[in-house]
Amino acid sequence: MPVNIEAYNTISKEFASKNVTLVAVSKTKPNADIEALYALGQKDFGENYVQELVDKEATLPKDIRWHFIGHLQSNKVKYIAPFVHLIHGVDSLKLLQEINKQGVKNNRIINCLLQIHIAQEETKFGLDETELSAVKDIIESLTNVRICGMMGMASFTEDLNKVSAEFTHLKKLYDQYEQKMNNQVALDTLSMGMSGDYPQAIKCGSNMVRIGSLLFGARVNNS
Ligand SMILES: *Cc1c(COP(=O)(O)O)cnc(C)c1O
């Protein structure tokens with residue numbers, strides 16, 4: 001299926017007018033699809049699998065900002081640490097400390113979002129509120145990590161009221177931590193919303209949305 005250029009134009013224009021960053025989620029899609037959007041000016045792309053991201057980064061233009069949006073295992077951080085623009089799914093202190101260690105090794109500061117568990121479903125990854133305050137306690141020791149904000153995924157349901165309630169809950173937490181997470185810089189990124197629920201996410205205060213299937217068509221596996 002070809003890239004949906006019409007959808008891209010509509011979505012990117014709407015997002016620009018609302019100061020929402022569009023992350024085009026290109027997981028499982030070929031380089032040609034990424035190049036098609038890159039040619040239209042898209043620079044932010046999201047991937048879920050470390051090996052796939054490493055392969056794409058090696059061959060595609062160097063000014064692409066690569067977002068890692070999947071579940072990241074600590075032992076794989078080293079492969080993406082040299083170039084990743086933003087890691088969305090930081091869901092444990094152990095992972096955060098490993099990212100910091102790889103940041104030191106690569107002599108760069110790695111941007112991270114804390115993934116917060118907001119869905120009532122059991123299957124979604126993320127920190128709970130106790131773990132979130134524990135992050136705050138160790139933040140000063142993390143010299144090579146910048147916590148830019150938070151990320152969350154709502155329940156996969158037709159019930160949009162439930163989805164909005166979950167997003168609103170995350171926005172409240174974000175506001176609560178906005179000024180006090182880092183002592184140097186305030187949080188500025190709230191990543192929530194995907195193809196099926198982005199209008200609700202933006203209404204609830206999202207400023208970064210991760211869109212895959214609306215732009216690239218359905219994926220073969222439902223990952
Ligand atoms: C795959 C994925 C997306 C994109 O999902 P679509 O429904 O195809 O827009 C967004 N966020 C995460 C974390 C994903 O894994």
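Counting from 1, the numbers follow the sequence of the chain as shown. Order of appearance sets the numbers: ligands from 1, and atoms from 1 within every ligand.
Atoms of ligand 1 lying under 4.0 Å from at least one heavy atom of Arg210, given by number and element, are 4 (C), 9 (O), 10 (C), 11 (N), 12 (C), 13 (C). The atoms of ligand 1 that sit less than 4.0 Å from any heavy atom of Met153 are 13 (C). Those atoms of ligand 1 with a heavy atom of Asn48 less than 4.0 angstrom away are 14 (C), 15 (O). Every atom of ligand 1 with a heavy atom of Ile211 under 4.0 Å away is listed here by number and element: 9 (O). Ligand-side atoms of ligand 1 in range of Lys27: 1 (C), 2 (C), 3 (C), 14 (C), 15 (O), range being under 4.0 angstrom from any heavy atom.
Checked against a 3.5 angstrom limit, the closest N/O atoms of Gly212 and ligand 1 fall inside it.
Residue contact annotation: Leu214 has no non-hydrogen atom under 4.0 Å from ligand 1. Ligand 1 lies less than 4.0 angstrom from a heavy atom belonging to Arg219.
Side-chain contact of His85 with His67: a donor-acceptor pair under 3.5 Å is absent, judged by distance alone. A donor atom on one side chain and an acceptor atom on the other are found under 3.5 Å apart for Asp55 and Gln51.
Comment: Glu98 does not engage Lys78 in a salt bridge, judged by the lack of any side-chain N to carboxylate O separation of less than 4.0 angstrom. Salt-bridge check for Asp188 with Arg146: passed, with a basic side-chain N closer than 4.0 Å to an acidic carboxylate O. Here Lys27 does not pair with Glu52 in a salt bridge; the nearest charged N to carboxylate O distance is not below 4.0 Å.
A distance below 6.0 Å separates the ring centres of Phe15 and Tyr198.
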